[in-house]
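What follows is a short report on a single structure.
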Amino acid sequence: GQHIQDFAAILPKARALMKILTLFILFDAIGIVCGDALRGAGDTYFQMAASLCCAWLLFVPGTYYFTQIHKTDVASAWSCAVAYVLTLAIVLWLRLRSNKWREIKLLER
């Protein structure tokens, strides 16, 4: 009956969202691993600054633009979230590869 028609109407939108969320989860996992490795090495300031910069330069203005100004659907907002976690994952991965975190002294004697 009616429930099947409702489901059929939302299925195309749900499929698109699931694809976007799959990318979000992948890039977020990479960012979490790299960020936790940096924090474990004592590079807490860089990880915090990178998170704040990426959020306030990409996620917040992008989401605001698409939802408030352009009035697009929820997929656009999630695409901004994907751009945020992708950029953050790249920045944290590059920091991890740079080995600058090895210069941090955790314990002074």
Side-chain angles (χ1 to χ4, degrees):
Q2 182 63 34
H3 295 297
I4 293 173
Q5 291 173 345
D6 292 342
F7 181 72
I10 65 167
L11 188 59
K13 292 180 182 178
R15 281 189 179 134
L17 275 175
M18 289 299 121
K19 291 175 184 176
I20 294 169
L21 292 175
T22 300
L23 292 172
F24 178 87
I25 291 167
L26 172 67
F27 299 139
D28 194 34
I30 294 167
I32 288 170
V33 169
C34 293
D36 286 350
L38 290 170
R39 278 193 302 277
D43 199 359
T44 56
Y45 180 81
F46 181 87
Q47 195 274 335
M48 178 200 62
S51 297
L52 284 172
C53 288
C54 288
W56 284 100
L57 293 174
L58 290 172
F59 181 62
V60 173
T63 302
Y64 179 81
Y65 172 77
F66 285 115
T67 60
Q68 302 302 312
I69 296 171
H70 204 274
K71 306 287 186 196
T72 59
D73 60 359
V74 69
S76 298
W78 274 104
S79 295
C80 292
V82 170
Y84 160 68
V85 294
L86 171 62
T87 304
L88 182 59
I90 291 169
V91 168
L92 295 176
W93 179 75
L94 289 171
R95 175 69 170 198
L96 200 56
R97 288 212 26 175
S98 75
N99 288 328
K100 290 188 182 205
W101 53 271
R102 290 181 186 258
E103 299 168 9
I104 296 171
K105 301 213 188 281
L106 294 177
L107 299 174
E108 295 291 327
R109 290 188 181 209

Starting from [Y], can I reach [X] by hopping between I/L/V/M/F/W/Y residues whose side chains sit under 4.5 Å apart?
X	Y	value
Val85	Val74	yes
Val60	Leu52	yes
Leu26	Leu94	yes
Leu86	Val91	yes
Leu23	Met18	yes

| message | Against Leu88, only a single residue in Cys53, Cys34, Cys54 fulfils side chain to side chain contact (heavy atoms under 4.5 Å, CB included); can you say which? | response | Cys54

Working to the nearest 0.5 Å, report the span between [atom1] of [X] and [atom2] of [Y].
X	Y	atom1	atom2	value
Ile25	Ile32	CD1	CD1	10.0 Å
Leu17	Lys19	CG	NZ	11.0 Å
Tyr84	Asp28	OH	CG	8.0 Å
Ser76	Ile20	OG	CD1	7.5 Å
Leu92	Ile30	CG	CD1	11.0 Å
Ser51	Phe46	OG	CZ	9.5 Å

Heavy-atom closest pair, residues [X] and [Y]:
X	Y	result
Trp101	Leu96	NE1-O, 2.8 Å
Gly62	Cys80	C-SG, 3.3 Å
Ala89	Gly31	CB-N, 3.8 Å

| query | How are the rings of Phe24 and Trp78 set to each other: parallel, tilted or perpendicular (split at 30° and 60°)? | reply | perpendicular

| task | Please name all residues satisfying salt bridge (charged side-chain N to carboxylate O under 4.0 Å, His left out) with Asp43, sequence neighbours left out, ordered by chain then number. | result | Arg95

| field | Set of residues satisfying ring pair (Phe, Tyr, Trp, His ring centres under 6.0 Å) with respect to Tyr65, sequence neighbours excluded | value | His70

| Thr72 side-chain N/O to Phe66 backbone N/O, donor-acceptor pair under 3.5 Å | yes

